[in-house]
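Keep in mind that what you see is a predicted model, and the values were worked out from it rather than measured. Just so you know, ligand 1 is whichever comes first in the structure, and atom 1 is the first atom listed for that ligand.
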Amino acid sequence: MPKEKATDLTRLLRPTSIESAVLRLNPSTLSHAFGQQLLDGAAHLKPEFEMTLLPLISNRLQDPNLQRSNSGSIGLGSALSLFLASQKRAPKLIGEVGTYIGNSAAAMGYGAGMNGHAVQLITCDIHPCTQQPFAGIQLPKGSKTQVVQGSSTQMFEFLASKGAKLDMLHLDGRLMQEDLPLLRKLLKADTLIALDDCEADEKGHMNLDLLRRASLIKDHAYVEPFPRQLFQRWGLETRSVTGFLLPVESIKFTRQ
Ligand SMILES: C[S@@+](CC[C@H](N)C(=O)[O-])C[C@H]1O[C@@H](n2cnc3c(N)ncnc32)[C@H](O)[C@@H]1O
């Protein structure tokens, strides 16, 4: 999209007085629209999801050797949301805070890999976690993961020292204050950000608040987790707690 148009959209999506708005797009309307388009656009990938990702995620969730009593992994609805969003965004470099048993990493890697290019994922955890989040999935040649056994700040410092820019970021841990100046270096206007636990006053909203206060997401629109009914289109009785920060420049008006 030409720069001018993107800027126009950015302005349109900024808060405006309610009286002057004829059509209002809020996190809920965006969620219905984004979720529906992702599911409809990826209908041909349903068998891949069902035959590969779904059993892999379920098996990891049931494996007592992988679990810790003080943590949890993402659910099916969040996994499908991450799979679809990364398939659509086609990130080459993905960053993640909160590796644990690697289900979210697998969902993003598998989704991104659907585009046929190598996927690089770097993920971190301050607690013991899997060292092979991509185990059990086939990815395009050259794809790789790096698991940082340490804090988000350590991982972001490493990425910043390499001059990296993230195409996608998944936050499934708690951001630290020290992360914010580093994220300023790592985020781009078109970085897709996914936030786990976006319900009530869980960590998703805390991370959202931190990013907002640090003025890191001025060009992003918050999309709340996809509604339960959307997953029924794929025959799944599940829900998601994954919210997204969509780059405004990736939202377009179209004629059809
Ligand atoms: C809910 S679990 C992650 C689940 C994982 N995404 C999955 O799908 O299996 C959250 C993890 O984030 C880690 N964590 C929380 N805050 C962190 C931070 N700032 N840096 C690194 N790890 C963090 C915790 O140790 C925990 O293991």
Contact table, ligand 1 N/O with protein N/O, distance under 3.5 Å:
unit_1: ligand 1; atom_1: 6 (N); unit_2: Gly98; atom_2: O; d: 2.8
unit_1: ligand 1; atom_1: 6 (N); unit_2: Ser104; atom_2: OG; d: 2.7
unit_1: ligand 1; atom_1: 6 (N); unit_2: Asp172; atom_2: OD2; d: 2.8
unit_1: ligand 1; atom_1: 8 (O); unit_2: Ser73; atom_2: OG; d: 3.1
unit_1: ligand 1; atom_1: 8 (O); unit_2: Ser104; atom_2: N; d: 3.0
unit_1: ligand 1; atom_1: 8 (O); unit_2: Ser104; atom_2: OG; d: 3.2
unit_1: ligand 1; atom_1: 9 (O); unit_2: Ser73; atom_2: OG; d: 2.8
unit_1: ligand 1; atom_1: 9 (O); unit_2: Thr99; atom_2: O; d: 3.4
unit_1: ligand 1; atom_1: 9 (O); unit_2: Ile101; atom_2: N; d: 3.2
unit_1: ligand 1; atom_1: 9 (O); unit_2: Gly102; atom_2: N; d: 3.4
unit_1: ligand 1; atom_1: 16 (N); unit_2: Arg174; atom_2: N; d: 3.0
unit_1: ligand 1; atom_1: 19 (N); unit_2: Ser152; atom_2: OG; d: 2.9
unit_1: ligand 1; atom_1: 19 (N); unit_2: Arg174; atom_2: O; d: 2.8
unit_1: ligand 1; atom_1: 20 (N); unit_2: Ser152; atom_2: N; d: 2.9
unit_1: ligand 1; atom_1: 22 (N); unit_2: Ile126; atom_2: N; d: 3.2
unit_1: ligand 1; atom_1: 25 (O); unit_2: Asp125; atom_2: OD1; d: 2.6
unit_1: ligand 1; atom_1: 25 (O); unit_2: His127; atom_2: ND1; d: 2.8
unit_1: ligand 1; atom_1: 27 (O); unit_2: Arg68; atom_2: NH2; d: 2.9
unit_1: ligand 1; atom_1: 27 (O); unit_2: Asp125; atom_2: OD1; d: 3.0
unit_1: ligand 1; atom_1: 27 (O); unit_2: Asp125; atom_2: OD2; d: 2.8

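Considering only heavy atoms from C-beta on, Glu50 stays 4.5 Å or farther from Trp234 through its side chain.
A side-chain donor-acceptor contact under 3.5 Å links Asn207 to the backbone of Leu175. Looking only at distances, no side-chain donor or acceptor of Asp167 sits under 3.5 Å from a matching main-chain atom of Thr191.
Asp201 CG: 12 or fewer foreign heavy atoms inside a 6.0 Å radius. Shown here is Gln132, whose CD atom has no more than 12 heavy atoms of other residues, nucleotides or ligands within 6.0 Å.
When the ring-ring contact (aromatic ring centres under 6.0 Å, His included) test is applied to Phe226, the partners found at least two apart in sequence or on another chain are Phe34, Phe244.
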